[in-house]
Structures are given as structure tokens and as C-alpha cells.
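Reading through the C-alpha cells given below for one structure.
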Amino acid sequence: MDIVSTLGLTNFVMQFSRISMYPFFDMAHYTLSIMKLKEQPVSCRYQGMCMNSGEMAVLPEDISEDESSKASEEECLLHSSPDIDNLIGAVDVAHRSPIACWFSGMLCCFGGAILASVLLGEPPIEPFTNNRNIILASVIWYLIFYCPYDKFYKCCNFLPSKLFIAGMKEVTRARKIVAGVMDAHSRYRNGWLAVIAVGWAKGAGSGLIANFEQLVRGVWIPERNELLRMSYGTKVTLIGAVLFTFQQMNYLPITRHNLIFLYTMFVVSTKVAMVLFNIHHSPFAPMEVALYHMAFSWQCTSTESHFQTEASNTGETLGTQCSAPLDASPEESESIKRRRAKKAE
Amino acid sequence: MDIVSTLGLTNFVMQFSRISMYPFFDMAHYTLSIMKLKEQPVSCRYQGMCMNSGEMAVLPEDISEDESSKASEEECLLHSSPDIDNLIGAVDVAHRSPIACWFSGMLCCFGGAILASVLLGEPPIEPFTNNRNIILASVIWYLIFYCPYDKFYKCCNFLPSKLFIAGMKEVTRARKIVAGVMDAHSRYRNGWLAVIAVGWAKGAGSGLIANFEQLVRGVWIPERNELLRMSYGTKVTLIGAVLFTFQQMNYLPITRHNLIFLYTMFVVSTKVAMVLFNIHHSPFAPMEVALYHMAFSWQCTSTESHFQTEASNTGETLGTQCSAPLDASPEESESIKRRRAKKAE
Amino acid sequence: MDIVSTLGLTNFVMQFSRISMYPFFDMAHYTLSIMKLKEQPVSCRYQGMCMNSGEMAVLPEDISEDESSKASEEECLLHSSPDIDNLIGAVDVAHRSPIACWFSGMLCCFGGAILASVLLGEPPIEPFTNNRNIILASVIWYLIFYCPYDKFYKCCNFLPSKLFIAGMKEVTRARKIVAGVMDAHSRYRNGWLAVIAVGWAKGAGSGLIANFEQLVRGVWIPERNELLRMSYGTKVTLIGAVLFTFQQMNYLPITRHNLIFLYTMFVVSTKVAMVLFNIHHSPFAPMEVALYHMAFSWQCTSTESHFQTEASNTGETLGTQCSAPLDASPEESESIKRRRAKKAE
């Protein structure tokens, strides 16, 4: 609070927290969500994949997020070249069944609102009663998937405009978290866990329900979900949900307007930096590793032995991943690839 | 409206719209739903299927619906003859676990009501509080699955009686759509999209939740869902939901009674014709293809190149399916089979 | 009732039905639920498993429950020795993503309350508003998964303490069923089916939603669900739900207190005996087989022929499982293994 008032920003912050998200910020959110949907790598379905003797099943979670799209393409080359029928990308779905693609797109845009509704026992169809936003999202969906020569997608994907869109999208994040937190807090005064959960769901819902969004497109990758391997967006939303819940419960000495402003500044600048410098690993990684070691890893030796007992039953020793459990570093995924290549020979 | 009044049918139409669905029409609906469940082809589970080098994964969506049961049997012969353990049909489930089979049957009969309840935030268990209907459906389920020498199923499957049952079942469709539309409209005055969705869910719910109904029986085919490849019933229900929603919102110059009557006549006659002449492709196919080309396909060339870029990464050019995107024609599925046979050699 | 009053236990029974479950009985329930989660066999994912020519897909439901963990380890040795990457046990998840593991643990502890909430259209997040119980469960989760040298788990798994915990856990079962039955009965006076369902869901919810709990951990075994192959706990809860529903509807000449007492005595003694003598097959098996033969199997010959028609299409005759449909006996699973071994040669 002091920072804001000493900088004489009080008025600006008040006005900032009153800016309407509709239409421009919402538009940025829809555009980025549907672009992300379109960019879904042409996914080999791992379940039905043909695996010959000696080849290992490639588990998506082994691959660090920043390399996943590249790696999975390589894997396709390596393993499943005859499985061309298996490829189902969102673009393919857009041509097979526009309705499934549209519904998938709406789940990406309104996933947070839907998940929060489900958690609070409200009709999950409620976000679809907001005609204005649905029509806006549908128009953007149409332009991104079916615009001639892909002009719209290419324009949005052009670095300066992408930077701009990504920044604007992040502005909506704080608002959504606050809406979720306030809604849940009005029902459950003391249920801080439920309040955090609803705020998190509202802010990062489309990630959390990704498994079911994929199911609409006929893709099912149970090994990969946002809880098992959180993306940056999901993590930063969780932190935001915790902060706003504490603020709401008066545990933080800061007003809501100021917290919205500071949080938004943080996520916008981080996101812009990540897009600009093509950073894909989470900026929280060192903090996470430290926290992980502090809270969960001090008995690593004991579980290591447990692992080895089980692994020895199946004929091979599993390299325990205590050193970098939350994010496989590029080096590690390199080594995994090398190991795989060896096996394939 | 004019047609109805000029034919002097006004009274008849009024009385028609007041006929009680219970017990005979409901009975027909339950019978047909559970017969369809029983007829589920003994499904090779595609996920766990044994695939040797050079054999391609057979994706269900490649196979046009009318040939799917035949084709999947052939595929079984071709690919998975040693996988006899993989076969799980509904009859098999009926003998392993009557409770799972019963629950699966109830989901087929009451899927629409359950899905509509979920969408509107009402208890999904509510359809199960209607003892009368549940008992009726359970008796029919028992007779179809466990009647000695399969007498009941054979009687119902006899062409004349099947015609009669199929016609009666279609009468319930309009009623269910109207119930869903009116229920949703009473809550969301202007949310026409939500109203359409609830009407559609109520009328075609068992198809839309088919993935989860299958899960009860231990079958999981993510590649196949009603949104990716709509059946005739789902399509005609969607059209009905749109019509009844527009009528409800006074955009159509027709009374509800007359619309119910005309829609019912249309679906009953179409269905009877389809059963009688063993037609399996959707009568809307030409309209759909035209609509598809008009709305989604005029930039086909641009996405084709997109496809080829991605496909060339994986070593083979994907034949884009722009020409018949919504329903693979028999010729196409023939060519797929031939391609597969070649690979298998 | 007479038994209780003739034994002069009326007072004791009244007091017994008023004992608070928090904290000790709840603690036992959380401990046992999370121990069971931790003991989840390092599961080969069957969907993505490498299967070479002649090897059969190993379906989990072929394996009787008591042998499943052992058998699946053997299967791992037999089939998927190179698939070491496929192994995902709960312990592994605990080290990769503590949040997914924690959420999985909470679903095991509060699955019943969550499922009952969903069925009744109430917010599924409500169990998470009970901070006291959530914190208790979280502490136990932490101790079981991350305690140094696995001390806590080993202590709880020591036979005498396990007996004690298992007995205490069963005491909570009756209470949860009664809570579910009374809640549902207050809404649906005559919907006895819905009342039974909610009672069952509240008492055995964590089993019934096991598929989705596994999904959180990245595991997906559609072939195995509690409806297809009920565990002892699920069965005894179903019986309890039926009894308490009938009592609630005044069809049983017994007071609720006495029924709670007698049911609890039964489940506690059965469970303790099962843990003590390492019995894994359901004590209801003979009753079930009799009931099955009476209700569902008298037309076995007719369906047998149906089976054979279908099986002959796929080149092999399926051995119908009419003789022991509900629980594969050890001999049977032995024969399955032998059959498989033969195939593998």
C-alpha cells in the first residue's frame, strides 16, 4: 500500500480496478485461449500407439513443457511414423466437426467460469447465457480457425501483437480470481480452502479441465493433467488465489485495489518477458525446488529404497527424480531422449 | 399453422399434444434404448489393442457409422484375433455385473433428463426419484437382457414391431425437447444458447453422455463422441431444439402445439423410413455438406498446406478430408480399408 | 430390537449411536484410506502397454481382487519389462507432484461426501469447507507419504494397530450411510431408489469415484470400476444403504439406534476377521452366486449360443463365465495365467 501511495498512484489504481474487461481485455483472453487451442501439437495418441519390442512408451510428463511440442514431433518421427491415422490436432477437428471444435474453444475461453460454477453447485451452463461474450468468443474462434489463408491467426501470432495480446490477457486474470474469491467467500466465511479453490478454478479453469476439453476433441491423455505438471499460468493463479483469499480475510495489510494492481503488474510484466525472450520454464522453479526439498524431500533416502525395491521387481532400477522433481530440466529430458534412442537401436 | 388449420386438424393437434407419454410411448423409448445398448458391437478396445509393426491403429471415426459394426468385426478379424479377452459387449457386462449393466441401461433411458439436470444445476439423481418410470425401465431392461431364449429381444427386433416401436419412440422426442426448452427458458429469458443446449441435452442426452455410459461398462473410446461424429438422432434433436427455442422466443409464426405436431410427424416418418429401408446415412447429409462448404471450407487450400507441413514432418502426406468432412462415404472407408490392407502386407 | 433389549444393552446402544466420530474414528478412516492409496500397486498402464504378437492384453478384471497386486507385478515382469517409464504408483506421484497426491488423498478421504453432494445437486466443494477435518486428513496424508523412514506408515501397517484402525474405520461407515439416507429422505420422501443411492454414495463414494481419483494421478484404467467388480466395502455399504432406507421408511421393525449398532457390530467383526485371517474374497460370495443364478442365469444356454455366434466371428470360442460370474475364483485366474503363458510361448 505504501508503495502505491508514496508514488501518488492511488487515483490511478482506483480507476484501474474499475476498467471494464469487456470488450478489449476479454477479446485478448479469447484470442490467446483459442490460439493456444489451435497450436495444440498434432498429438500422437499415446494410448493407442504402436510400440514394438524394445521401444519404450513415451510418457508426456517426462518431457519438460517448453520442449514438449518439439519433442513430441520428434517422438512421432521416431516411433509412430506408420500411425499417421492417429494424428488429431485441433485443426483437424475443426474440419471434421466444427461443433466439437467450437465447443472445445468455448471450454478454453470459459473453462474457469464453468469449473467455478460446478464447484459452487451452480448451473455450469450459466456462462453460456451471456450472449454478448459468447458471440464475441465465437467470432474470434471462427476467425482463428477458418479465416482465409490463416490471416487472422498470423496477425495475432506476429510478435508485437502477440506481446500486446498476452499482456492484456493477463489483466483479466486478477479480475477473475477476485470474482471467484469474493463469490466463494460470501458463502463460506471460514472455508478458506474452498475460497482458494474457487478463486483458482475461476482464474485457471481452462487448464484444470484440459483433460475433458481434450475429450471433446477425441483426445485422451490421462498421463498429463495440470495437477501433475502445472503450467506457469496455473501456478501464478494459485499464488494469486492464495493472496486474494488472505486479503479478503484481512490477513494481508493491503487494500484490494492495490493488490489487484500490484498482482496485475507482476503477471503482465512476467508474461511479456516470457513471450519476448521465449522463456518457457517457470520463474518460480528455484523457489519451488527449495520448498519441495524443505517440505517433502528430506526423507528422500527412505523412499529411494522403497522405489528400488519395487523397481527391482520389474527388472530395472528406476532413477529416482528427487533432484528436480517439479520440472525436468532440459538436460534431463536430453538424457531421456538419448536413453530412448539407445533402446530403439 | 395454416396447413394444420386448412386441413381441419386443429382439434386433433391439440389432443395430440396432450397425450400422456406414460406408459406406452415411454415403454417404446426404453425398449429401443436398451435394445440399442444390447446391440453394441462386441467392442475391441482400441486403446489396448495389439498392433504389430506396419499395422495401423484403426480409429473408429474413420469408419462411417453405417458400416461401423461390420467394419469393426472385420478389423477384429484382421488385427486382434488373439485379443479375445479384450471383447466386452453389453451382453458380457450383463453377465459379469448386472448392476453395472442396469446402471448403463438407466443412463441410456434417462440420459437426457440426467444431463439436463446437470446443466441446470439440479440434482442429477432426480430422474431416479420417479419410481414408476424407473421400475418400467428396469422391467424392460430385465426382459431384454435376461429373457429365456432371448424371446423378448427377438420379438421387439422383428421388423413390424420394430417399426412400431421406433415410430412411438420418436413421439417422445418432441416432448422431451419442449420440456427442456421451457424449463431452461423459465430461468434464462434471453440466454437462447443455454435454452437450445438444455433442449438438446434433454432430447439427445443419452447420446451426448455415451462416453460416460460406456465407462460404466468398462469401455473407453475417447476417439468417438457424439460431438465429433453426430448420429441422426442427435442432429434432428439439435434442429428441433433450435426450432422450439425460436418458437418459445416468438421468432417463429407458429403455435407450440402445431410445431410439436409437425416436428413429430417429420421425425416419425423419417425414422420409420430409415428403419424400413435400412437407411443409415443422415438424410441431412447434402444440406450439411453444402452448409459446411459455405461456412467452413472456402479456405481449404490454406489449411491443406498447413496440414501438409505438419504431415511431412511425420513422413507421410495426410489426405485432407475436405471433400466429405462430416460423413465418410462408403467409398472412402473402402479406400481406407484397402490402404490398411496394403500396409498389413 | 428384542436382542438388544433382552441383553439389557438399550442404554449402551443409545450412547454408542451418539459417540462423536471426530477426531478418533475420522482419523482411523483417513489413515486407512490414505494407506490404501499409498499401497496402490505400481500400475502398468494397460492401455499404453507394449504388446507383441501372440501376447494377450491383460485385462485387470480377469484377475481376482485378492491376487491383483501380486498378479499385476508378475504381469509386469512377463510383459512390460521394458516399459519401466510406464510405472506410476501413488508414491511416485507424491514425489512428482505433491499437490496432485494431496488432492488424490482428499478424494480418497472425502469421496463419499463429494459424490453425495454431486448427486444431491449441492456444491461438491462443501466437504472442503470443514477446515478441521481437512487439516486432520492433510496431516495424516503428510505423515503417511513423507514421514522419515516411512515410520508412520510402518507403525499403522503393523498388524495389531492395523486391526484396531480397520475396526474403527468401519464404525464410521454406518454413520455416513445414515447421514446420506436421512439427507436424501428429507428431500425425496418416496424416491427410495434415490435414497439408497445417496446412502451408498456417502458410504462408499471413494470407491465409486476411483476412476476419477486415479485420473488425478495420471492413471486411467477404464476396465476396472467398482460397478463392474465390486469390492467388499462397496457391497456391504450397498446392503447397509438398503437396510437403513427401509428402516427410514418404516418397513423394518427396528429402531435406528439398534440398526446402527447391529450393522456396525457386523461390519466391524467381519472386517477385523478379514484383516486378521488375511481373507480377501467377499463373505457374501455364496449368497451372490445363488442370487445370480436365481435371477440372471437361468437362461444361460441361450446367451451362451449368442456368445458363441459372436465369438466365432472373431475366430475363437469365448469360454462363458456363467459358473462364477461375480468373483473369479483363484483357480480360474490360475487357468487364465496358464493360458496366457501358453500364448506367450
Side-chain angles (χ1 to χ4, degrees), chain A residues 46-49 51-59 61-62 118-122 184 187-188 190-195 197-198 211 220 222-225 227-230 238 292 295-303 306-307 310-311 313-318 320-322 325-326 336 340 343, chain C residues 41-42 44-45 47-52 73-74 76-77 80-89 91-104 117-118 120-131 134-135 142 145-151 214-221:
Chain A
Y46 292 87
Q47 301 107 297
M49 224 168 78
M51 286 177 291
N52 300 323
S53 54
E55 285 184 17
M56 294 172 73
V58 183
L59 294 191
E61 60 267 53
D62 294 331
V118 169
L119 289 182
L120 291 171
E122 284 172 0
R187 295 162 194 235
Y188 308 114
N190 298 311
W192 50 269
L193 201 73
V195 175
V198 174
N211 276 117
W220 187 247
E223 303 89 350
R224 192 188 274 180
N225 70 49
L227 287 176
L228 272 181
R229 186 169 223 37
M230 282 195 204
L238 178 55
Y292 179 87
F296 301 114
S297 191
W298 41 292
Q299 73 290 28
C300 198
T301 40
S302 69
T303 29
H306 176 90
F307 262 102
E310 279 174 341
N313 284 337
T314 53
E316 196 171 314
T317 313
L318 190 72
T320 44
Q321 298 159 327
C322 288
L326 293 168
I336 288 168
R340 259 179 223 136
K343 291 248 163 184
Chain C
V42 172
C44 320
R45 230 156 321 101
Q47 299 108 296
M49 224 168 78
C50 173
M51 286 175 291
N52 300 323
E73 274 179 41
E74 284 179 35
C76 284
L77 274 168
S80 54
S81 40
D83 281 32
I84 204 80
D85 269 12
N86 263 2
L87 308 175
I88 296 196
V91 177
D92 192 7
V93 171
H95 284 272
R96 283 196 205 189
S97 169
I99 289 188
C101 182
W102 175 83
F103 187 54
S104 197
S117 295
V118 169
L120 291 172
E122 284 172 0
I125 208 162
E126 224 155 68
F128 288 90
T129 59
N130 190 342
N131 294 327
I134 286 281
I135 289 171
Y142 187 85
F145 274 100
Y146 303 102
C147 186
Y149 304 104
D150 236 4
K151 283 275 181 251
Q214 287 165 357
L215 183 58
V216 170
R217 291 185 280 120
V219 173
W220 188 247
I221 311 174

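Only a predicted model underlies this, so the values are computations on that prediction, with no experimental measurement involved. Protein chains get the first letters and strands the later ones, always in sequence-line order, with residue 1 at the start of each.
The contact between C:Leu215 and chain A is made by backbone and side chain atoms together, counting heavy-atom distances below 4.5 Å.
Rounding to the nearest 0.5 Å places CZ of C:Phe103 at 12.0 Å from CG of A:Leu228.
Taking the six-membered ring where tryptophan is involved, the planes of A:Tyr292 and C:His95 are perpendicular, since the angle between them exceeds 60° and thus also 30°.
In this structure, C:Tyr142 contributes its side chain and A:Ala295 its backbone to a donor-acceptor pair below 3.5 Å. A donor-acceptor pair is defined here as one N or O able to donate and one able to accept, closer than 3.5 Å; no such pair exists between the side chain of C:Ser97 and the backbone of A:Arg229.
With chain A as the partner, the residue from C:Val118, C:Ile99, C:Thr129 showing the most heavy-atom pairs under 4.5 Å is C:Thr129.
Shown are A:Val195, A:Leu119, A:Leu193; of these, the side chain to side chain contact (heavy atoms under 4.5 Å, CB included) with C:Ile125 is made only by A:Leu119.
The environment of C:Asn131 atom CG is dense: over 12 non-hydrogen atoms of other residues, nucleotides or ligands sit within 6.0 angstrom.
Scanning both residues, C:Pro124 and A:Gly121, for their nearest heavy atoms gives CD-N, 4.2 Å.
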